[in-house]
Amino acid sequence: MMASVSSQPQFRYTQPPSKVLHLRNLPWECTEEELIELGKPFGRVVNTKCNVGANKNQAFIEFADLNQAIAMISYYASSSEPAQVRGKTVYLQYSNRQEIVNNKTTADVAGNVLLVTIEGSDARLVSIDVLHLVFSAFGFVHKITTFEKTAGFQALVQFSDSETASSAKNALDGRCIPSYLIPEHMGPCTLRITYSAHTDLSVKFQSHRSRDYTNPYLPVAPSAIDGSGQVSVGLDGKKLEPESNVLLASIENMQYAVTLDVLHMVFSAFGPVQKIAMFDKNGGVQALIQYPDVQTAVVAKEALEGHCIYDGGFCKLHISYSRHTDLSIKVNNDRSRDYTIPNTPMMNSQPSILGQQPASAVGAAAQQYGGGPYAPALAPAQHTMHHQPPAGWGPVPGAQSMPMQMQGHNPPYMQQGTVPFQMGPGMMHGPSHPGLPHPPPMPPYQSQ
DNA sequence: AGCACA
C-alpha cells in the first residue's frame, strides 16, 4: 500500500538533493522577490526562475549551497505549516537540475553589495571618498573596495542589507556623479550599478583603494551629499579624515607580540606619548596613541604609516587619525596606560622587556635613519595589499637570506647599496625573542 | 502533477 501521506504531499521523495528546488502550485504571477523571501530563511538564494511550466505557475529557487536547499526541504517536510506564497500552498521538491540556467546572473539578484562601474574618461580619478559620500546618502556604507578591471574602474559598495543597496542602485544606476563632487576639469562620470554576489567584503586595512567604515575608531565621512565644504576635498582620498592628536594604529601581520611598551617606544620617537590604549578589533590588534598636540601626531603618522615594526613585513602599522582627542584610561595595565600620571609605574610592571629605554633607543636610531643598519625595519612598505604569508621562514640575519627577495618581490625595506640587515643591540630577529623591538629609526625627538 | 532557453 501506499504509505500514509497527507492528502496533499508537498514533496516528492524520489529526487536526489539539488541546490535547485522546483516549486509548483504557485499563484499565477509570483514574483522573484516572493521566491527569495520564501527561500531566504534557509540560506542564500543566488538565483530564481518563475513563471515556468505549462501554466506558468512553477518556479525554481537556487541556493548557494546544497545544505541550504536540504534545510528548506527538511523544514517543510516536518512543518505543520506548508510553504505558502500569498496564502497559497506551494509544493517543493528537489529539481532535477543542478543549477538554474538563464541569462540572469547574480548581478540581477538583489544583494547588499553593489558592483559599481564608473564610466568616463576620468573615471579612475574618482576617489573612494567621493564614492563613499555618494552612496552614504542611502544608508550606512560598511565597506568599499575599488579596483581596475577590463570593464574599467569599478567599486564594490557594501550596505547592511539588500533593501538599502537596492535603493542606492535604483537612484544612482545610470546617473552621473554630481559635478560639484568632482573637479571642473573632469568629464562626467556615469555610474553603472549591478548587484554583486558578495555579501561581506574582505577589507584588511584602510587605503586609498579600500575602506572599512565599520571600525568606529575611523572617521566617518559626511553621510549626505550636502555640498558643504568637506565634500570637495575628498579627491586625494585622504582629506576627509580630520587630523587629530590621537592616532589609531592597527597592526597588520602581527607575527610577533607587540606590547604596550613597544608601541610606546616607537611612537615616543616623535614626541611625548601621553596615553596608549590597546584593544582587539576584527581579530587584530589596534591601539590609540595620544600626543599632546596634533602636529606631533601628524609627523608620527606620516613617518610611520605603512611601516613595519619588525623586518620582513611583520607588524605593519596602519595609522589613521582617531576622532578621540583625550583618551580615558581607567586603569594602567599591559593594554592601556596613562603616562601623564606622575606616580604611575610605567616600565616597572614589565621591567625587562625592553633592551633599552625608549629615549636611548631613539637616540641611537636617529643617526641610522635612511640607510643605516636599522633602516630596513621601518622602510615604506610598497606591497601594502598582498603580503605573502611568512610561513616557513623566519627573518634570519644576513643578506643571503632575505626571504622577500627570494620570492621575487622588491623588498620594500631594502635600500640600495646598504647592508640589508645587521643585528644591533636589542634588535629583533626572530620569534624566539618576542617583544623585543628594533630601535625605531625615527627622527630625533622634537619637542616643538 | 508538472522541471525552463527567457
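Letters A, B, ... are given to chains in the order of the sequence lines, protein chains preceding strands, and every chain is numbered from 1.
Distance, A/R24 CZ to B/dA4 C1': 16 Å, rounded to whole Å. In this entry the distance linking OH of A/Y94 with P of B/dA1 reads 19 Å, nearest Å. When rounded to the nearest whole Å, the span between CG of A/L21 and P of B/dA4 equals 16 Å. The distance from atom CG of A/N57 to atom C1' of B/dG2 is 8 Å, rounded to the nearest whole Å. Atom CD of A/E99 is separated from atom C1' of B/dC5 by 13 Å (rounded to the nearest Å). Between A/N55 atom CG and B/dA1 atom P there is a gap of 13 Å when expressed in whole angstrom units. Separating the CG atom of A/L26 from the C1' atom of B/dG2 is a distance of 12 Å, rounded to the nearest angstrom. Across the protein-nucleic acid pair, A/W28 atom CH2 and B/dG2 atom C1' stand 19 Å apart, rounded to whole Å.
Nearest to the side chain of A/S95, among B/dC5, B/dG2, B/dC3, sits B/dC3.
Contacts of A/V20 with the nucleic acid, taken as non-hydrogen atoms under 4.0 Å apart, are absent. Note on A/Q98: nothing from the nucleic acid sits closer than 4.0 angstrom, heavy atoms only. Within 4.0 Å of A/N51, counting heavy atoms only, lies no atom of the nucleic acid at all.
Judged by distance alone, with hydrogens and angles left aside, the side-chain atoms of A/R44 form a donor-acceptor pair with the main-chain N or O of A/A197 at under 3.5 Å. Within the 3.5 Å criterion, the main-chain N or O of A/C189 finds no donor-acceptor partner in the side chain of A/D122.
The nearest heavy atom of DNA chain B to A/N25 and to A/K56 marks one nucleotide each, and the one closer to the 5' end goes with A/N25.
Proximity of A/R97 to the phosphate of B/dA4: a side-chain N or O atom is located under 4.0 Å from OP1 or OP2.
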Decide yes or no on side chain to side chain contact (heavy atoms under 4.5 Å, CB included) for A/I73 and A/F42, but give the supporting numbers first. CA-CA 9 Å; A/I73 291 291; A/F42 305 96; over 6 Å; no
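Of the residues A/V126, A/I118, A/D173, A/T117, the one that meets the side-chain contact (heavy atoms from CB on, under 4.5 Å) test with A/L191 is A/I118.
The ring of A/Y291 has its center no closer than 6.0 angstrom to the ring center of A/F270.
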